[in-house]
Protein chains: 4
Amino acid sequence: MNKKEKIILSALHLFAKNGFTETSVDTIAKHAKVSKGLTYSHFKNKEDLLRVVIESTITKMTDEMMRFENFSITSLLQNLKMSLIKNKDIIRLSILLLIHPQTPASVIKLLDSQKLELIELFSSLLEAKYNDKAKIEAELLLAIMDGITMDYVLNPDADILENRINYTIIKYV
Amino acid sequence: MNKKEKIILSALHLFAKNGFTETSVDTIAKHAKVSKGLTYSHFKNKEDLLRVVIESTITKMTDEMMRFENFSITSLLQNLKMSLIKNKDIIRLSILLLIHPQTPASVIKLLDSQKLELIELFSSLLEAKYNDKAKIEAELLLAIMDGITMDYVLNPDADILENRINYTIIKYV
Amino acid sequence: MNKKEKIILSALHLFAKNGFTETSVDTIAKHAKVSKGLTYSHFKNKEDLLRVVIESTITKMTDEMMRFENFSITSLLQNLKMSLIKNKDIIRLSILLLIHPQTPASVIKLLDSQKLELIELFSSLLEAKYNDKAKIEAELLLAIMDGITMDYVLNPDADILENRINYTIIKYV
Amino acid sequence: MNKKEKIILSALHLFAKNGFTETSVDTIAKHAKVSKGLTYSHFKNKEDLLRVVIESTITKMTDEMMRFENFSITSLLQNLKMSLIKNKDIIRLSILLLIHPQTPASVIKLLDSQKLELIELFSSLLEAKYNDKAKIEAELLLAIMDGITMDYVLNPDADILENRINYTIIKYV
DNA sequence: TATGAATGAGGTTTCATTCAT
DNA sequence: TATGAATGAAACCTCATTCAT
């Protein structure tokens, strides 16, 4: 692993653990075992580092989540569950950034685009069953997933999560 | 309105608008048109100010929300909707604080207790219809409301909110 | 002497001695025996401090220089000489700022206005003797004074200065 | 043009445009399209680069200026004028360095020696006309030229310069 | 000769908090 | 109760310089 990647991983870890403003570049550098200066030769500034952190992790995560065995509500929700368990930190950080009023627009854009992708997916999957109600049903399903996600990142209990996702699957298929 | 209240309102407004760490005590004092010193004679420190801000606004908001015409899912969700529209800032701030890793435990406790109250309410309202599934249904309904809330504070559109809440009411009654 | 004045005097002294960029705010604060923070509560930033330093010293100096016994080339040049000896540091700093490519426009404006005042004065004094050549003669006289000034601040020798100013007076009256 | 020369030219350009302290070695290297490392293999450090910049440009400039058609005040002043117009940047930089309190002694020495040469020249040219006053007249003439130079580099207007130099020539021959 | 990753010291600025008045 | 001058720690960022390749 090269030093730039080390910095990104350390930043992700610390931003998720302590928040963006609350994490100093110096702390990131020390955690990655590099100098502060090197951080600034790889990233224009702290905000740029955040952007790259989100960019590189979100894409990786989304790609993973979008690989299905068979294209269905069941496997989509199962994927979401797996991803949530595996990427809890990134996801918590993403929510934090979305809700934080001072998150740079470039980062918000990245996070929003991912959400749009998901709602499209839900819509097309619910079309057969709900016809003209498909869109609002998709929105509600996404709301459920958001609510479950929020609760899980705040209080991570895999059993509870499992339970809720399974129950949701049953309700929707 | 006395000066202490002015400080609390300014703090609420600015914390919601810019975030806790991002709001300086000086900015709050200037916005409330008092001196920095006075702020520190009313509140032990910035964290204490936050606690009081949340304490005083959350209780007020919850009380309001819990006044029903008739005790039913419909009027509860309608109340939630009204409250969401009216108290968007406080609610956004509450979510921000809940998700933020460094929010003091005393504040988290306050916010959590409110959530517990709500889930109790949902449970008892859904018992008649869902029997032994009442608890998980209540959790899912809360998840829906959380998801809808998240989306609304990020992208406040009263029509969309109305639409979703109404559809949810229909689904559950 | 209050602390703000102390900061201004220390800044003047150190800017003149070491240059603007080369003088750190920390050094100024230590020299003035105040904290760095106080400097920033009196002045918006380092550039603002420079502006105030120049503003307050230039006006004081100009006022002094413009007080004549009798309005004549002789007493004007004598005043210039006195001022030069007394305010060597400020004058050296002024030249440094004028010639430095990154001096803020606000500071340049202040310094320029002082020069314009001087050239007006020279012109009116030389009018009687030089008629339509008064303007260019005033410009040359100012050039002489600038040249003498430059040499004096670089190599301060009161006798040489005295000598040159006296010779110049003889040439022009 | 080899890379070392490119570095020197870039440094001259940037030092003149932005000041010595304000120009980073990295900026110079990028402007010269070489690496930072190469700069440090040609020059011991940034100060050394400055010394070489001044050394190589000043000598070239002086040589040029000292080539006369006929040895007279007129042609000397004309040469000075030509040189001033052509080498405005170098000259502005030289003045900046002369006046700057932290310019390394080695650079100051170079710049001073050039001035001494000039005053010798003026003295010998004015001897015939001014006898024992030749030295002080030479000093004043140099002061005039310094003053005119200062004004020109701060506010470059070829017509004004022309006018002043011509008027000075008339006064002295 | 040539590169640029890497370092670490130091500079500017902000801000929570205290305290004399 | 009320003020704001004052402090000092800590944050972001730059840059001269070195060194492995």
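Note that the structure is predicted; figures quoted are calculated from it, not measured. Chain letters run A, B, ... following the sequence lines, proteins first and then strands; every chain starts at 1.
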Novice: State which residues pass side-chain contact (heavy atoms from CB on, under 4.5 Å) with D:Thr62; sequence neighbours excluded, sorted by chain then number.
Specialist: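 For D:Thr62, the residues satisfying side-chain contact (heavy atoms from CB on, under 4.5 Å) (neighbours in sequence not counted) are D:Ile58, D:Met66, D:Gln114, D:Glu117.
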Novice: Pairs in or reaching into residues 34-59 of chain A: which pass ring pair (Phe, Tyr, Trp, His ring centres under 6.0 Å), with residues at least two apart or in two chains?
Specialist: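 Applying ring pair (Phe, Tyr, Trp, His ring centres under 6.0 Å) to every pair that reaches into residues 34-59 of chain A, excluding sequence neighbours, yields nothing.
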Novice: So which pairs with a foot in residues 38-54 of chain B pass salt bridge (charged side-chain N to carboxylate O under 4.0 Å, His left out), sequence neighbours left out?
Specialist: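 Salt bridge (charged side-chain N to carboxylate O under 4.0 Å, His left out) check on residues 38-54 of chain B returns B:Asp48-B:Arg51, B:Arg51-B:Glu55.
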Novice: Which parts of residues 25-43 of chain A get close to DNA chain E, meaning a heavy atom less than 4.0 angstrom away?
Specialist: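 Residues of residues 25-43 of chain A under 4.0 Å from DNA chain E: A:Val34, A:Ser35, A:Lys36, A:Gly37, A:Leu38, A:His42.
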Novice: Is there a side-chain contact between C:Ile28 and C:Leu49 in this structure, where contact means two heavy atoms from C-beta onward sitting under 4.5 Å apart?
Specialist: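 Of all side-chain heavy-atom pairs linking C:Leu49 with C:Ile28, at least one is under 4.5 Å.
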Novice: Taking side chain to side chain donor-acceptor pair (under 3.5 Å) as the definition, give me every residue that meets it alongside D:Thr27, ordered by chain and number, with sequence neighbours left out.
Specialist: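 Expected list: D:Ser24.
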Novice: Of all nucleotides in DNA chain E that come within under 4.0 Å of a heavy atom of chain D, which is furthest toward the 5' end and which toward the 3' end?
Specialist: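 The contact span of chain D on DNA chain E goes from E:dT1 to E:dA6.
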Novice: Between D:Thr21 and B:Lys4, which is nearer to the 5' end of DNA chain F once each is assigned its nearest nucleotide?
Specialist: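 Here B:Lys4 is the residue nearer the 5' end.
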Novice: Taking a pair as Watson-Crick (N1 to N3 plus N6-O4 or O6-N4) or G-U wobble (N1-O2 and O6-N3), both under 3.5 Å, which stems of 3 or more consecutive pairs involve DNA chain F?
Specialist: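 Detected stem regions: E:2-21 with F:2-21.
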Novice: Tell me whether A:Thr23 contacts the main-chain N or O of A:Leu14 through its side chain, where contact means a donor paired with an acceptor under 3.5 Å.
Specialist: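 Looks like yes, one N/O pair under 3.5 Å.
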Novice: Please list residues of residues 5-18 of chain A whose heavy atoms come under 4.0 Å from any atom in DNA chain E, ordered by number; otherwise none.
Specialist: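 Within residues 5-18 of chain A, no residue comes under 4.0 Å of DNA chain E.
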Novice: Cut-off 3.5 Å, no hydrogens considered: what does the side-chain donor-acceptor table look like for residues 2-9 of chain A, sequence neighbours left out?
Specialist:
residue: A:Asn2; atom: OD1; partner: A:Lys4; partner atom: N; Å: 3.3
residue: A:Asn2; atom: OD1; partner: A:Glu5; partner atom: N; Å: 2.8

Novice: Between side-chain atoms of residues 100-110 of chain A and protein atoms elsewhere (two or more places apart, or another chain), which donor-acceptor pairs fall under 3.5 Å?
Specialist:
residue: A:His100; atom: ND1; partner: A:Gln102; partner atom: N; Å: 3.0
residue: A:His100; atom: NE2; partner: B:Glu22; partner atom: OE1; Å: 3.2
residue: A:His100; atom: NE2; partner: B:Glu22; partner atom: OE2; Å: 3.3
residue: A:Thr103; atom: OG1; partner: A:Leu97; partner atom: O; Å: 2.6
residue: A:Thr103; atom: OG1; partner: A:His100; partner atom: O; Å: 3.3

Novice: I want to check something: taking the side chain as every heavy atom from C-beta on, are A:Ile54 and A:Leu93 in contact at a cut-off of under 4.5 Å?
Specialist: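 Side-chain contact under 4.5 Å: yes.
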Novice: According to side chain to side chain donor-acceptor pair (under 3.5 Å), who are the partners of B:Lys86, at least two apart in sequence or on a separate chain?
Specialist: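 In terms of side chain to side chain donor-acceptor pair (under 3.5 Å), with neighbours along the sequence ignored, B:Lys86 is linked to B:Glu64.
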Novice: Say you draw a straight line from OG1 of C:Thr39 to CG of C:Asn45; how long is it, rounded to the nearest 0.5 Å?
Specialist: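 Rounded to the nearest 0.5 Å, the OG1-CG separation comes to 12.0 Å.
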Novice: Which residues pass the ring pair (Phe, Tyr, Trp, His ring centres under 6.0 Å) test with A:His13, not counting sequence neighbours?
Specialist: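 Checked A:His13 against ring pair (Phe, Tyr, Trp, His ring centres under 6.0 Å); matches are A:His31.
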Novice: Do the side chains of D:Ile99 and C:Met150 get nearer than 4.5 Å, heavy atoms only?
Specialist: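 They are in contact (side-chain heavy atoms under 4.5 Å apart), so the answer is yes.
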Novice: Take B:Glu22 and C:Phe20, find for each the nucleotide of DNA chain E with the closest heavy atom, and name the residue whose nucleotide sits nearer the 5' end.
Specialist: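 By nearest-heavy-atom nucleotide position, the 5'-most residue is C:Phe20.
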